[in-house]
Number of protein chains: 2
Amino acid sequence: MCPTSANAFVFLLVYSLEKKTPLKRKITLKHIARELGVSISTVSKALKNSEEIGSDTKEKVQAFAKLYNYKPNNIAISLKNKRTKNIGVIIPDIVHHFFTTVFRGIEKYANAKGYNVIVCVSDESFDKEVINMELLANGSIDGFIMALSSGTQLKNDYNHLKEVTEQGIPLVLFDRVAEDIKCDKVIINDKKGAYNAVTKFIKDGRKRIALITSEDYISVSRERAAGYKEALLDNNIEYNEDLILKFPSMEINENLIEDFFEREKVDAVLSVNEIFAIHSMRYVQSKGLKIPEDISFIGFTDGLLSKYASPGLTAIAQHGEQMGEIAAEILIDKVENDMEEETYVTRILEPTLIERGSTVN
Amino acid sequence: MCPTSANAFVFLLVYSLEKKTPLKRKITLKHIARELGVSISTVSKALKNSEEIGSDTKEKVQAFAKLYNYKPNNIAISLKNKRTKNIGVIIPDIVHHFFTTVFRGIEKYANAKGYNVIVCVSDESFDKEVINMELLANGSIDGFIMALSSGTQLKNDYNHLKEVTEQGIPLVLFDRVAEDIKCDKVIINDKKGAYNAVTKFIKDGRKRIALITSEDYISVSRERAAGYKEALLDNNIEYNEDLILKFPSMEINENLIEDFFEREKVDAVLSVNEIFAIHSMRYVQSKGLKIPEDISFIGFTDGLLSKYASPGLTAIAQHGEQMGEIAAEILIDKVENDMEEETYVTRILEPTLIERGSTVN
DNA sequence: AAATTTAACTAAAACGTTTTCGTAAAATTT
DNA sequence: AAATTTTACGAAAACGTTTTAGTTAAATTT
């Protein structure tokens with residue numbers, strides 16, 4: 001029989017009291033040295049198989065270290081080497097498929113290179129971004145990988161980034177970047193993604209192509225809007241601002257969708273994200289329109305929703321994992337061979353159109 | 001005009017060469033001391049506003065430190081205090097809505113308490129879990145929060161966890177836990193979640209209730225299967241193993257779904273995850289069945305897919321963020337006041353049923 | 001004026017490494 | 001046998017803090 005309370009915020013507590021087992025404290029070089037009657041430096045060298053140390057001493061030390069499972073203390077090594085083997089990642093949100101994907105790429109590459117990743121979430125806030133960055137910059141990490149928070153992009157204040165790079169800490173920006181920051185960048189060609197999507201619509205004979213987007217201060221939205229416009233103009237289709245639905249925030253507002261689709265007759269929709277696209281698809285479906293016959297959809301960032309929507313949403317894939325790997329590669333390279341000249345590279349990945357049921361084939 | 005290459009793996013490289021600006025190296029106590037002609041200890045104390053130091057010296061030191069933006073080095077402090085203010089989080093996968101949600105809770109709480117989070121992804125592999133854990137345990141973190149990889153659960157080997165706890169490093173397990181590990185745990189009542197879902201089906205008059213699940217070595221699947229069985233038996237409905245579809249891996253296999261639904265006539269489906277549920281819904285819809293009239297669905301973990309499926313998938317919410325916060329709270333409490341007695345607590349959160357279109361109201 | 005207290009500071013150890021420089025003793029060369 | 005080289009090790013500094021235990025000089029008390 002199951003317990004009966006159904007309240008999510010009531011929970012069970014199960015206690016168990018154990019006698020405290022004696023701690024196996026971590027052993028240090030000093031302990032080994034004392035125990036074996038040799039000096040700390042001898043132990044250190046013996047463990048590194050140094051030629052300086054006699055083979056019987058080496059054997060003795062190594063055997064002892066193995067027996068007591070000696071592992072050097074990371075913090076002490078970091079202090080000595082002025083290298084932490086940690087990289088700091090600051091992203092606006094972690095519950096977000098794209099960022100998560102990039103993170104996986106970063107973590108994968110970093111781990112393979114022996115680095116750990118410290119993640120901080122800026123929560124789209126300028127202040128949190130600054131605080132976290134300054135905290136980590138005080139010796140905790142060897143370099144940063146980040147995507148700007150919308151708060152930062154809105155404020156257009158990048159002093160915290162400048163501070164960090166001026167201290168010689170490498171920085172790689174991805175996806176949400178800013179022109180005037182001097183650092184390495186990895187982005188995808190958002191403009192091209194939008195351009196290709198609109199071009200496909202036009203090839204499919206669509207005439208009234210809408211754009212659903214967010215405010216322009218988000219760099220990627222701006223780029224995508226530019227690609228949308230350019231594709232229309234290149235194909236001699238009128239660029240009509242009435243066909244652009246601009247959401248003031250990331251929060252979905254069903255009324256805006258309803259107003260828009262009641263007001264404008266459109267036969268194709270490009271959306272800067274999945275959520276806006278899915279909501280719109282559902283709305284037009286509820287109005288009896290058929291997708292893709294009456295109206296087709298393409299959405300940015302190929303995530304779970306696109307894949308499992310019904311019909312599947314044709315999507316512009318951003319290759320997040322690859323982006324993360326590249327960012328990590330650039331960063332770690334900078335960290336490990338900090339060269340004399342200051343050369344910055346911007347890598348621009350090409351988006352890919354993943355065709356699904358929301359567009360005609 | 002946009003560039004023409006459409007290959008995602010061809011990318012543009014933009015170089016920019018700058019003359020290296022002189023580095024503003026981080027300043028240390030030693031620098032301040034030398035510059036001001038006082039000792040390091042005086043500087044340290046002055047910055048802490050110690051009563052031992054004369055007020056003019058304090059003023060001088062503080063002003064100097066502020067001017068040169070002195071910030072203590074985290075690593076040095078960690079070495080001294082034997083406290084890193086980092087917590088290690090090891091999860092099987094990061095591109096996974098539930099884990100991501102838990103992570104948000106952890107990060108939020110930890111950050112508020114001045115802790116940073118180092119994430120490692122075990123990728124469901126026992127070996128990676130062990131390696132990452134041992135690496136972090138060598139001084140990099142003050143405690144661990146983790147969910148066991150499926151590899152570990154399959155192998156049933158928890159020596160790496162034991163090693164760590166025996167060294168006095170606090171450990172909190174969440175969601176994917178194991179009975180025989182002595183540590184704090186935060187889980188949701190999976191059995192109850194399944195029990196409630198099946199009970200709802202029965203109340204709605206469903207007779208042939210299927211379960212779609214994964215192999216039993218995943219602790220949560222086992223619990224959910226138990227709740228399913230118990231609810232049936234409590235309601236005098238035959239427990240029929242033919243109505244259980246067990247996927248051998250997390251990879252979706254459309255053939256198994258097809259075989260299952262062709263073979264068995266079912267009017268309700270409980271799925272241990274969203275993906276299995278969504279796929280099944282699509283399959284039965286393609287066969288002309290109406291949801292929820294002909295067949296209803298409930299899926300575990302209320303994620304994006306449930307919300308945006310069509311119809312919306314009634315889901316059992318796992319309260320991941322709350323789980324993360326609680327785990328972090330327990331851990332940090334242990335880290336900061338490591339008590340004499342060894343008491344372990346298991347907090348069991350109650351699941352909540354989020355009703356949507358896939359079940360009748 | 002001598003003894004004591006207080007104020008204001010410094011030296012040094014400690015955290016756990018790595019590494020440079022020394023130095024005895026042993027082995028080798030003259 | 002004396003001079004030189006090699007072998008095998010240790011002392012100490014360094015990384016940047018914090019903290020304990022001094023140590024002066026000035027101020028106060030007797």
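Treat the numbers as computed from the prediction; the structure is a model and nothing was measured. Letters A, B, ... are given to chains in the order of the sequence lines, protein chains preceding strands, and every chain is numbered from 1.
- For the residue pair A:Ser150 and A:Glu124, the shortest heavy atom distance occurs at N-OE1, 2.7 Å.
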Which parts of nucleotides 5-11 of chain D does protein reach within less than 4.0 Å, heavy atoms only, written one letter per nucleotide 5' to 3' as B for base, S for sugar-phosphate only and - for none?
-> ---BBBB
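- The heavy-atom pair separating B:Ala46 from B:Ile53 by the smallest distance is N-CG1, 4.0 Å.
- The environment of NZ in B:Lys26 is crowded: more than 12 heavy-atom neighbours from other residues, nucleotides or ligands sit within 6.0 Å.
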Going through the distances and angles, do B:Glu134 and B:His160 end up as a side-chain hydrogen bond (donor to acceptor under 3.5 Å, both in side chains)?
-> CA-CA 8 Å; B:Glu134 290 186 343; B:His160 51 308; over 6 Å; no
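- For residues 72-95 of chain A, every residue pair satisfying the salt bridge (charged side-chain N to carboxylate O under 4.0 Å, His left out) rule, not counting sequence neighbours, is listed here: A:Asp93-B:Arg104.
- Heavy-atom minimum distance, B:Asp184 versus B:Thr343: OD1-O, 3.9 Å.
- Using a 4.0 Å heavy-atom criterion, one finds that B:Lys80 contacts the bases of the nucleic acid, with or without backbone contacts as well.
- On the nucleic acid side, DNA chain C contacts chain A at distances under 4.0 Å to non-hydrogen atoms, with the end points of that region at C:dC15 to C:dC21.
- Not less than 6.0 angstrom separates the ring centroid of B:Phe103 from the ring centroid of B:Phe99.
- Among the atoms of the strands shown, only primed sugar atoms or phosphate atoms (P, OP1, OP2) are found under 4.0 Å from some heavy atom of A:Thr28.
- Between the side chains of A:Ser149 and A:Thr152, at least one donor N or O lies within less than 3.5 Å of an accepting N or O.
- A:Lys30 has its NZ atom 14 Å from the C1' atom of D:dA12, to the nearest Å.
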